[in-house]
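Right, one structure below, let's go through it.
Chain naming here is simple, since letters A, B, ... match the order of the sequence lines and numbering starts at 1 in each.
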Amino acid sequence: MFSLLRSMWLTFLHAFHKRETILYPEEKPILPIRWRGRIVLTRDPDGGERCVACNLCAAACPVDCIALQATEDETGRRYPDFFRINFSRCIFCGYCEDACPTYAIQLIPDFEMGEYNRQHLVYEKKDLLINSEGKYPGYNYYKVAGMAIGGKGKGEAENEAPPVDIKSLIP
Amino acid sequence: MATIYIDNKPYEVKAGKNLLEACLSLGLDLPYFCYHPAMGSIGACRQCAVKVYRDENDTKGKLFMSCMEQVRDNMRVSIADMEAREFRAHVIGWLMTNHPHDCAVCDEGGSCHLQDMTVMTGHNYRAYRFDKRTYINQYLGPFLNHEMNRCIQCYRCVRYYKDYAGGKDLDVFAAHNHLYFGRAEDGVLESEFSGNLAEVCPTGVFTDKTLKQHYTRKWDLTMAPSVCHHCSVGCNTIAGERYGTLRNITNRYNGEVNGYFLCDRGRFGYEFVNSAARVRKPLVRSQLPEASDKYTALKAASSAIKAGRVIGIGSPRASLESNYVLKKLVGEDNFHHGVSDVDHDLVEMALHILKEGSARTPSLQEVEKADSVFILGEDLTNTAPMLALAVRQSVRQQPLLEQVSKANIPVWQDAAVRELVQTEKGPLFIAHYTTSKLDELATQTYFDTPDAIARLGFAVANFIHPDSPEVHGLTEEELGLAQQIANALLAAHNPLVISGTSSGNERILKAAANIANALAAREKSAVISLVVPECNSMGLAMLGGHKLESAFEAVLNGYADTVIILENDLYRRASAATVTEFLDSCKQILVLDHLHHATTEKANILLPAAPFSEADGTLVNNEGRAQRFFQVYPTPEEIQESWHWLAELGTIMADEQISNWQGYDDLVKSMAEEIPALRGVKKNAPSSDFRVAGQRIPRAPHRFSGRTAMHAGFNVSEPKPPTDPDSPLSYTMEGYRGQPPSSMIPFFWAPGWNSVQATNKYQQEVGGHLKGGDPGVRLIEPAGTAAYSLAVPQKFVPLGGHLYMLPLHHIFGSEELSNQSPPIMGRIPAPYVAINTADAIRMKLDEGDLLSFSIEGQAYQLPVKTSHTIPSGTAGLPNGLPGVPFAELPAWAILNRDIKWKQQPQTTF
């Protein structure tokens, strides 16, 4: 009898506790920055596409929902010709972000992706590419890679010596 | 055999090998860079260090480079020793100090030997924090990309390019830590075998430029075992596809045929498959719109066949199956070979020589082991490139056998062997009418007309065995040369005679056969290799059929009015006037092909045939080896193999036998039973119901990515994975993970070995045969019944006002399909006519002047190239080059300007 009354009392007290539920969508939840939500492609500090189409995200993806094709501009800079994520398959595991050597692909704290039509969950590059550096500002892959691209010749990257003069005999 | 102890476990290994070879053959993982099974060891990279102990009581041991250490009995070795492992990790660490952070944008990534070895040694983090060395890259032509920053100085590229393939324009420059591997200046790499650098280079310095245009990682490719369709040698290849287009061709090791290498035509000629000139929809000309679906086309085709009297024209570039079904459909009497009459006769003769002669025909592997070679009338580099590469190795045989074995140096000690041998070469004699790249290796070259070459050949045969007919009227010099060649062939252990159809002269073939038979009669283990024009010329000859000329006559005489043309551009087989007359006389023309060309223009019904990458089939190479190639990726229903189209037509026509076939297997079975010469084809590959542990063999690696996204752009509901009814391979990554049978290895991969170096896990011993035997079935064994040919030709006599046109072949330009591949197009020479320098002076022609002449009514006007080797009174016309109309060569060309032959002293026989 006592335990019954005690339970009812405790339940009654909860009416005065701070609420855990929020009135979504009127009220938006505050999510941590590392929350794994919608996938975006970011840009480097110079505004160029960070993605170099290395295919590592696609290889890491456990549900194989990323497909892309590499291509190059006339200066040798590599970028994805198309980049497609099938969000109806995505499990938001974040392996693609872990695999990315250029910080291009990032999962951001946004989950509002519901669609009535499943076909609309297929995101192309224009849907994915954002005009921001995302979570990792300042990094520019081509500044550390050895490939020459437009605006950066051989030996102009970080920690690179100027090109070797192969005709020199000086030791 | 020797017993060695690796980490205290006893192993039986072959004596005389080096330790690295032995370890790899045992399936042990030991990192290495500079060693290559085809090129031996030089100990440059210091990567394969192991501990070697004096005896079982020695606990300290010494570090040795395993590639430089010969296997000894009771040798005690440790791979796992801590000191050895640390040493190897350090070596990688040092190599990586200057290696750029490029993997993400490097084409080698995912199939990189350096990546694999770095992971294998456990060098995970880079300790080096200082500046990296950089280099300026070079332009190396349309085939290869150069990124010198990535170099780890293993020297494999120059050892392959210069020492193995005989190239002159790639070298190592500069000194100390500034080594530069490249050309003296930017420019196209001259060697015909340059593409192999992409596979030889353990990292991404040299990469495939055609792959770069549509780059795909190795793990994302759907791959299938294929056979090269660009010449008669039949090299084994792996074709890779992604998103419905063919992405690259890589080498598929076959210990008997191509080994580790391919020629550039084979490697880069594949892009015709992606060409805009592809036939992708069936066309029926009598209706609008012309493009139709499969069933309308089949209906139109079957009613055309029913209504008419049909003949069929086969093709030497179509598979054995396609030709067989066509023959079946039109009947034996109505099946014609779609080759020029000269080629028809010559290939028939080549087949006759191989079947009836006393000498067998060698595999490329055996060619490499020949120690005396005589080439008659073939420019191998341009007609059968990989055979030329094999001949390059064969000239090293005699010095290897004599000096190196005397000096007690193992043959894999590459640097020491080359130091000892220097420039010494074994006997190689070349008789031809034009220069070839092999001339530099030749002991003697002999340049004269085809008839003179045949006369020299007959003289050599006569010197070897007096039963072979004598040749009269030879000069002292020629007799001396013939004697020298005969002596060299008789002195050799494995003499080899090479000839072929490319000079268009049957006497040369007969002379070559006489030499081989004479050598066999002297009880030498002689071998004879004959080059034929196209990938399935030999198969077509074995299948049997009539000449093209008789097909023309059949229609022109009203015997037939409907023709089925299988994968063939007749304008490359007979003169344009003849073909046009023939096609115009036909009531219905049914063409099956994969590319649009002049013949498809004339077709009433055009069915899209599948090219090699979209088809299953069998080819027979010049050695008589039947080799199976597999479809790489599924096609839409309108594109299917020619044999598939024809079998469907046969079913509609209610052909009794054809309509009983349930699939590819039944077709092959029926072919093997019906044609005794092709009986072996059945054993070529397992039948389509073959399974390993109940599973198919996957075409895609297990890392294959993007399966749920690649089609999502069209429809998010994923289609059912396509199944392959014709082979035991699956189009997906699902299936048996272990090693498949050797005849259907879709790609080389082993745990920890992502690069092509994984090949060593598939071999019985490193550089040897594949496990389970090399694929392909040899169909021809010599019967030894042929008598000596007595057809010694007369001496060639020039004709006033005429030039005797001889065919010249080009690796880039003479083959129909590769000509449609953009990278190859960039290397095709401009049309020309080659004439003798003295003739040019007599005709007052300078280099580049236009010479006009006509052959059989076909007029030509071409710029002149002068040549010292083209015999006077003859001229060379490039064969099959775009812009050079077909002429059946050799033939007399009538000049529009007269030459004064009277000024030249003539000797007549």
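With a threshold of 4.5 angstrom between heavy atoms, I166(A) approaches chain B through its backbone and through its side chain. Neither the backbone nor the side chain of C61(A) comes within contact range of chain B; no heavy atoms are under 4.5 Å apart. For Y215(B), the parts sitting under 4.5 Å from any heavy atom of chain A are the backbone and the side chain alike. Heavy atoms of Q213(B) lying under 4.5 Å from chain A are absent altogether. Proximity to chain A is limited to the side chain of H176(B), based on heavy atoms less than 4.5 angstrom apart. Heavy atoms closer than 4.5 Å to chain A are found in both the backbone and the side chain of D102(B). For a residue to count as touching a neighbouring chain, one of its non-hydrogen atoms must lie under 4.5 Å from one of that chain's; by this rule V164(A) touches chain B with backbone and side chain alike. Using a 4.5 Å cut-off between heavy atoms, T71(A) makes no contact with chain B at all. Residue E124(A) touches chain B through its side chain alone, counting heavy-atom pairs closer than 4.5 Å. Residue contact with chain B, scored on non-hydrogen atoms closer than 4.5 Å, involves the backbone of L68(A) exclusively. Looking at R89(A), only its side chain comes within 4.5 Å of chain B, counting heavy atoms on both sides.
For Y128(B) and H99(B), the distance between ring centers is not under 6.0 angstrom. Here F82(A) and Y243(B) bring their ring centres to under 6.0 angstrom of each other. With ring centers used as reference points, Y103(A) lies 6.0 Å or more from Y141(A). The aromatic ring centroids of F704(B) and F747(B) lie 6.0 Å or more from each other.
Ranked by heavy-atom pairs under 4.5 Å with chain A, the list G110(B), A712(B), C106(B) is led by A712(B). Counting heavy-atom pairs closer than 4.5 Å to chain B, the top residue among D64(A), V52(A), T102(A) is D64(A). Among H214(B), R133(B), R129(B), H101(B), the residue with the largest count of heavy-atom pairs under 4.5 Å with chain A is H101(B). The greatest number of non-hydrogen atom pairs below 4.5 Å with chain B, out of C100(A), P101(A), C57(A), A59(A), is found for A59(A). Listed options R703(B), R247(B), M148(B) were ranked by heavy-atom pairs under 4.5 angstrom with chain A; first place goes to R247(B). With chain B as the partner, the residue from A70(A), P163(A), S168(A), G153(A) showing the most heavy-atom pairs under 4.5 Å is P163(A). In terms of heavy-atom pairs under 4.5 angstrom with chain A, the leader among C103(B), P100(B), A174(B), A104(B) is A104(B).
Counted by atom type alone, D220(B) and S705(B) present one or more donor-acceptor pairs between their side chains at under 3.5 Å. With no hydrogens or angles considered, no side-chain donor-acceptor pair links Y731(B) and E241(B) at under 3.5 Å.
Partner R50(A) forms a side chain to side chain donor-acceptor pair (under 3.5 Å) with one of T42(A), D44(A), N140(A) and no other, that one being T42(A). Screening R43(A), R78(A), R77(A), K125(A) against E49(A) for a side chain to side chain donor-acceptor pair (under 3.5 Å) leaves a single residue, K125(A).
Taking the six-membered ring where the residue is Trp, F181(B) and Y155(B) present perpendicular rings, their angle passing 60° and hence far from 30°. Ring geometry for F173(B) against Y180(B) counts as tilted: the plane angle lies between 30° and 60°, on a 0 to 90° scale.
Not a single donor-acceptor pair under 3.5 Å links the side chain of Y139(A) to the backbone N or O of E133(A).
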